[in-house]
Amino acid sequence: MPEVKLACGQVVSVEEGASWADVAAAAGIEAVAALVDGELRDIRDPIQEGRTVKLLKLTDPESLDVLRHTAAHILAQAVRRLFPGVKLAIGPAISDGFYYDFDFPSPITREDLPRIEEEMKRIVAEDLPVERVFLPRAEAEELLKKEGEVYKLELLSEIPDERISFYRQGEFIDLCRGPHLPSTGLVRHFKLLDLAGAYWRGDATRVMLTRIYGTAFPSAEALEQHLKWREEARRRDHRRLGPELDLFSIHNDTIGAGLVLWHPKGARVRHEIETFWKERHFEGGYQLVYTPHIGRARLWQTSGHLDFYREGMYSPMDVEGQEFYIKPMNCPFHIAIYKSRTRSYRDLPIRYAELGTVYRYERSGVLHGLLRVRGFTQDDAHIICRPDQVEEEIQRVLRFALSLLRTFGFSEFSAHLSTRPAKFVGAPEDWDRATEALRRAIEAEGLDYDVKQGEGAFYGPKIDIDIEDSLRRAWQLTTIQFDFNLPERFDMTYVGEDGREHRPYMIHRALLGSLERFFGILIEHYGGAFPVWLAPVQAVVLPITEGQIPYAEEVAGKLAAAGIRVEAWTRGGKTLRYLIREAQLQKIPYMLVCGAREAGSGTAALRLRTGEDLGPQPIEGIISRIQAAIASRGPEL
RNA sequence: GCCCGUGUAGCUCAGUAGGUAGAGCAUCCCGCUGGUAAUGGGAAGGUCGUCGGUUCGACUCCGACCGCGGGCUCCA
C-alpha cells in the first residue's frame, strides 16, 4: 500500500489510486487543499507516493488563495445566472481577495453588485460540490465553442496539454487549472468591493472588460477586520490628509493636473527632509549641483531623449529661433558639468547630487495625488567612476539608500534586480560586471529581492526598491541604475594612469525617488502624525483664559528660542476642550496647557498627541524633552 | 488613452413630479473667561463642473466636453 508522509511527521498508508482527500480522511483532518512539497494541489488530485504533504484546513493561511479562487468561480456562476450572454475571461485570487473579468452584453454598474452578491449567497447555500473534470482537447474546444466563450478559447489555444482541466459546480463549468475547495458551501464570508475596467490580457489594443473585485475570508471576523482595514486606509490616504492638514493642494482647473502646490506646512516638512538629505549627502561624499530647467534641442538629441523618450516630454518652446525643451531628467546637465574639464582617474569617483525638478508627460488617467504627477523633484545623483570602483560604489549607494529610508521609519522594502533585455547597448561583459555588483550589494544588505529577467532598461541593469502606500500598492522609490549609453553618446572620458582616455561607468540613482511621491508615502506611513523632527508644528501653547495670553506667549517664545516650531493659540474665545481637539486633529505632538496655576508656577501642563496627560512640568524640562525627541529623529514623543 | 462611477457654498453632504437652492464645519461679528477631543447667538458665502439642446421656464430631462475617484495600460 502506498504511503504518504504528513508535514506533522505522521505516515499514512492508503489504497492504490487514492487522492489527497483519502489521505485526509485516513488522518482525520478536515482538509480543503494539499500543500505537496510546497506546491498547492487540489485535494482531489491523486496522491504522489513518497512526497511530504501538508493537509490544509480552511483556516490555514495557505488555503486562502484556494478559497478566493473558488469565490471567483461563484462570482462567475452568479453573473452567468443573472446576465445571459456574458462571456468569461479570467478570475484569479489576488493578494487581498479575488476578481473576475467579464464581457457583459450591456454595461453593468455598482448598483448591480448587491444583486450579484445575493445570487452568490444562494450558490453558497446550495452547497454545490465542486468537481474536477478532465476533457480531451477536442471536447474542451467544442464545449467552449458551444458556450461562445471566445476568451476561454484563446486561453485554451495556449495550453499545451491534451487533457484539459475544468471545474464544475452545479450548472457552471469553467476552464481552470485549480485548485478549488471541495464545495461552494465553504465560501461563507465574502464581499464584492469594486467595479473597474481592465483590458483583456492587459493589452491596451484589445477589448475592455469589466472587472469585479471582491474578497473572501474563512471567518466573519477576518472579513470584518479586512473591511475595517480598508476604512482605516481611506483615512490615511494622503489625498485626504493633504488638505485636512493643510500640507499641499492640486488645482487642475486653474494650475494644471499633476502639478503640486506645497503649502507652508507641507513645505516645512519638505524643508526638513531636504536639509537632512543634503547633510547626509555631503557626509556621503556627494557634491551638490544646480542645473537649469530647460535646455536646447541639440542637448536632448545628443542624449537620445528625443529619440527614445519623446512621448514623455513636453512640446518645445521657441527662444530666438532655437528650440528648447523642459527637462524630463537631470542627467545631461550633470554630464555637461563633468565634461567642463578634463578628468583624471584620480578625480573618480565623482558624485553629483541635485534636488532636480523635472517635468514628464503622464496621461491624465494615471495621475494619482502626489504619487504620480507631471512635475516633480527627484533626489537625483550621478556617480561617475572607474570600472574598479563599481563594486564599492554600488554597495555604498545601496547602504546609503537603506539608511535614509530607515531614518524615515520604513523597514519593509521589496527589491527588484532587473537584468539585460533583448535589445541593449554596451558590452555584455560590462553588463555582467554591473549586474553582479548589484546582486552582491543586495545580498550583502540581506534584502529579499526578486530578479526581473530581461526587464532592465536598454542602457543598463538596475535595482529598484518599492514601498507600499496605505492600500498596499507598491510604488517605486529608490532606483539605482547603470548607464552604458550616455557616457558613449556624450563621449565622457577620463585620463587613466596610462595617460590614455578611458570611458567611465555612470550610475543614475534616486533614493527617495521624488520628493512629491516620497511625501505622499510618508503622509500615509505616519497617517499624518509625523515624528517630532518632521512635524510642521511641533508644539502648541494653549491658554485656558485670555488672562494667560501673555504667559502663553512668553512660554512660546522660550520654546521658539530653543529651536522648536511652536505656535501660541491666543486668539481667544475658545474653550480648552476646543483647542485640544483642534491640536489633536492637526496631530501636533505636544500641547502645553497654561492656566492660572501654571502661570503662577512657571510651568505648563504637558499633553501628548497620544492623549497622555503628563500634568504640570517646568518649561525647561519640556524644552529638553522636545529637543531630545527632535535629535533622535525617532517616533517617541 | 480606455471602462465604470461621480461633479450642488472653502470642506463634508442634503435637495426638487422641471418654477433659479439647504444643513453642519470653516470664515466674520457679538456674548460667555472656560482645566484636557466641538460655548451660545447672528452675518456673510453658491451663474448647482462647462457648453449646447428640449421647454413659457432647467440645478433637475437630453447631448457633447472638462475635472475628479476606482481600475487597466504605459513608464529612461
Side-chain angles (χ1 to χ4, degrees), chain A residues 99 101-104 107-113 193-213 234 237 239-240 243-244 246 249-254 256-257 303-305 307-313 328-332 358 360-369 372 378 418 421 425 455-460 462 464 471 473 476 479 481-483 485-486 508 510 542-549 572-586 591-598 605-609 611-616:
Chain A
Y99 68 79
D101 285 348
F102 302 98
D103 189 352
F104 283 95
I108 67 161
T109 73
R110 217 183 209 81
E111 275 75 65
D112 293 311
L113 293 185
L193 298 170
D194 270 310
L195 201 59
Y199 296 110
W200 170 232
R201 319 214 85 176
D203 183 342
T205 64
R206 310 201 59 178
V207 294
M208 174 69 65
L209 303 170
T210 304
R211 175 170 298 179
I212 298 177
Y213 283 95
R234 255 191 285 279
D237 191 323
R239 291 166 303 175
R240 181 184 175 125
E244 259 174 38
D246 200 12
S249 59
I250 297 172
H251 311 255
N252 20 54
D253 45 347
T254 49
S303 70
H305 285 90
D307 290 333
F308 299 110
Y309 192 60
R310 184 167 222 132
E311 71 285 4
M313 296 172 69
M329 290 183 211
N330 304 301
C331 14
V358 298
R360 297 182 185 174
Y361 170 67
E362 299 280 3
R363 283 172 297 176
S364 56
V366 307
L367 298 173
H368 182 88
R372 188 172 293 281
Q378 292 182 300
S418 300
V425 299
E455 290 201 24
F458 73 87
Y459 53 82
K462 62 175 179 173
D464 294 323
L471 286 172
R473 291 176 293 212
Q476 180 193 307
T479 182
Q481 29 188 297
F482 276 89
D483 193 324
N485 182 44
L486 291 181
H508 306 258
L542 311 176
I544 289 180
T545 71
E546 287 178 13
Q548 288 91 48
I549 288 178
K574 301 291 183 196
T575 58
L576 180 63
R577 289 167 69 79
Y578 179 91
L579 295 175
I580 286 190
R581 180 177 146 83
E582 266 318 282
Q584 284 295 148
L585 292 177
Q586 290 297 308
M591 290 157 238
L592 284 70
V593 176
C594 295
R597 292 201 294 274
E598 288 78 12
L606 185 62
R607 179 193 162 103
L608 308 180
R609 76 176 158 208
E612 202 178 343
D613 180 359
L614 299 173

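Note on naming: letters A, B, ... go to the chains in the order of the sequence lines (proteins, then strands), and numbering restarts at 1 for each one.
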Could you run down the sub-3.5 Å N/O contacts of the protein with nucleotides 9-14 of chain B?
none

Checklist line | Nucleotide of B:C72, B:G71, B:G34 approaching A:Y199 most closely (side-chain heavy atoms) | finding: B:C72
Next item on the list: Between B:A17 and B:C13, how far apart are the P atoms? Round to whole Å, please.
Entry: 23 Å
Next item on the list: Just jot down the side-chain contact (heavy atoms from CB on, under 4.5 Å) partners of A:R211, sequence neighbours excluded, or say none.
Entry: A:Y99, A:D101, A:A198, A:Y213
Margin query: Within the 4.0 Å heavy-atom criterion, would you say A:H508 contacts the bases, only the backbone, or no part of the nucleic acid?
Written below: nothing
Next item on the list: Return the set of residues passing side-chain hydrogen bond (donor to acceptor under 3.5 Å, both in side chains) with A:R372 (not counting sequence neighbours), or none when no residue passes.
Entry: A:E362
Notebook entry, point to check: With distance as the sole criterion, do the side chain of A:R372 and the base of B:C75 form a donor-acceptor contact below 3.5 Å?
Noted result: yes
Margin query: Going by the rule ring pair (Phe, Tyr, Trp, His ring centres under 6.0 Å), which residues pair with A:F308 if we only count those two or more places apart in sequence or in a different chain?
Written below: A:F458
Next item on the list: Let me have a per-nucleotide readout for nucleotides 36-45 of chain B, 5' to 3', with B, S or -, counting only protein heavy atoms under 4.0 Å.
Entry: BBBB------
Notebook entry, point to check: Can you list the residues that meet the salt bridge (charged side-chain N to carboxylate O under 4.0 Å, His left out) rule with A:D194, with sequence neighbours excluded?
Noted result: A:R110, A:R230
Item checked: side-chain hydrogen bond (donor to acceptor under 3.5 Å, both in side chains) partners for A:Q548, two or more places apart -> A:T545
Notebook entry, point to check: Listed by chain and number, what are the side-chain contact (heavy atoms from CB on, under 4.5 Å) partners of A:R310, not counting sequence neighbours?
Noted result: A:L306, A:Y325
Item checked: side-chain contact (heavy atoms from CB on, under 4.5 Å) partners of A:Q481, counting only residues at least two apart -> A:Y459, A:K462, A:T479, A:H508
Notebook entry, point to check: Sequence neighbours excluded, which residues qualify as ring pair (Phe, Tyr, Trp, His ring centres under 6.0 Å) partners of A:Y361?
Noted result: none
Notebook entry, point to check: Base, sugar-phosphate, or nothing: which does A:Y213 touch, judged by heavy atoms less than 4.0 Å apart?
Noted result: sugar-phosphate
Notebook entry, point to check: In dot-bracket form, how is RNA chain B paired, counting a Watson-Crick or G-U wobble pair only if both its distances are under 3.5 Å and using | for bases paired to another strand?
Noted result: (((((((..((((.....[..)))).(((((.......))))).....(((((..]....))))))))))))....
Note to self: The criterion is side-chain contact (heavy atoms from CB on, under 4.5 Å); which residues satisfy it with A:R607, sequence neighbours excluded?
What the structure shows: A:I580, A:Q584, A:M591
Notebook entry, point to check: Touch check for A:R597, heavy atoms < 4.0 angstrom, all strands: base, sugar-phosphate only, or nothing?
Noted result: base
Margin query: Rounding to an integer number of angstrom, what distance separates B:G46 and B:C30 when you compare their C1' atoms?
Written below: 26 Å
